[in-house]
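Numbered from 1 within each chain, the chains take letters A, B, ... in sequence-line order. Computed from a predicted model, the values in this text were never measured in an experiment.
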Amino acid sequence: DAGVIQSPRHEVTEMGQEVTLRCKPISGHNSLFWYRQTMMRGLELLIYFNNNVPIDDSGMPEDRFSAKMPNASFSTLKIQPSEPRDSAVYFCASRLTSGSPGELFFGEGSRLTVL
Amino acid sequence: GESVGLHLPTLSVQEGDNSIINCAYSNSASDYFIWYKQESGKGPQFIIDIRSNMDKRQGQRVTVLLNKTVKHLSLQIAATQPGDSAVYFCAETGGTSYGKLTFGQGTILTVHP
């Protein structure tokens with residue numbers, strides 16, 4: 001299995017621009033998570049989906065952030081407009097809901113720099 | 001003003017020594033506790049988990065201990081190797097937060113050859 005695939009791996013953009021991060025979960029996994037990692041805050045859960053349905057988006061910082069999961073094999077996290085404080089590594093993770101609740105499979109992350 | 005980042009605890013050991021990484025958790029309702037390893041430039045990787053009805057669980061070269069009385073979790077790594085150098089995170093889930101993991105701040109483990 002290829003694991004969780006994220007793109008782009010690196011993105012540098014200017015303040016005010018729209019950013020779209022993409023994730024392909026492991027085939028057969030039915031839970032998907034978006035995390036953000038910064039030195040200031042560590043790993044924070046932004047949103048998670050079960051069977052393509054958003055379950056908890058309480059971690060989404062503000063209305064500039066939105067996430068979608070149109071089907072079981074694809075999810076996007078969009079930031080519009082982006083700000084310098086959004087600079088972070090964004091991780092997507094997936095899990096088989098029937099498996100161990102703690103065993104998430106993370107992608108390699110998308111490192112976002114907003115200038 | 002200047003931003004202040006997290007000051008992660010660090011542990012430095014010699015190759016072959018045993019390592020113990022500690023974690024305190026806060027949510028009494030959590031019923032799963034997990035350890036993750038994150039190498040530089042990579043995503044976190046699951047190591048081992050333990051349910052709240054257990055106090056010890058062993059894996060390959062790793063042991064997790066859970067003390068619910070003092071809300072303390074530890075990860076023991078036997079015969080630590082240079083490849084074990086990474087940041088180690090504890091995480092918890094359960095109660096009303098079941099399904100989503102809350103991560104601790106992490107501990108940097110450095111293994112010297």
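- Applying the 6.0 Å contact sphere to CD of E62(A) captures more than 12 heavy atoms from other residues, nucleotides or ligands.
- The two residues F91(A) and Q38(B) have their closest heavy-atom pair at CZ-NE2, 3.4 Å.
- Chosen from G107(A), S31(A), G102(A), the residue pairing most often with chain B at heavy-atom distances under 4.5 Å is G102(A).
- Distance alone, capped at 3.5 Å, is enough to place a donor-acceptor pair between the Y36(B) side chain and the L104(A) backbone.
- L8(B) and V89(A) fall within a single hydrophobic cluster, where Ile, Leu, Val, Met, Phe, Trp and Tyr side chains are chained together by heavy-atom contacts under 4.5 Å.
- Taking OG from S100(A) and CD1 from I50(B), the interatomic distance works out to 11.5 Å, rounded to the nearest 0.5 Å.
- Few gaps surround NZ on K68(B); more than 12 heavy atoms of other groups in view lie less than 6.0 Å from it.
- Heavy atoms closer than 4.5 Å to chain B are found in the side chain of Q37(A), but not in its backbone.
- Counted within 6.0 Å of CG on N53(B), heavy atoms from surrounding residues, nucleotides or ligands total more than 12; the atom is thus considered enclosed.
- The six-membered or imidazole ring of Y35(A) lies near that of F103(B), with a centre-to-centre distance under 6.0 Å.
- Taking all atoms of both residues into account, the shortest heavy-atom contact from L101(B) to P101(A) is CD1-O, 3.4 Å.
- Shortest non-hydrogen contact noted between K100(B) and S58(A) is NZ-OG, 3.7 Å.
- Note: F105(A) CZ to Q45(B) CD = 9.5 Å, rounded to the nearest 0.5 Å.
- Taken from CD in E103(A) to CD1 in I34(B), the straight-line distance is 10.0 Å, to the nearest 0.5 Å.
- Residue M54(B) qualifies as enclosed at atom CE: its count of foreign heavy atoms under 6.0 Å is above 12.
- In R111(A), the CZ atom is not crowded: 12 or fewer heavy atoms of neighbouring residues, nucleotides or ligands sit closer than 6.0 Å.
- Residue-environment remark: CD (E18(A)) exceeds the threshold of 12 foreign heavy atoms within 6.0 Å.
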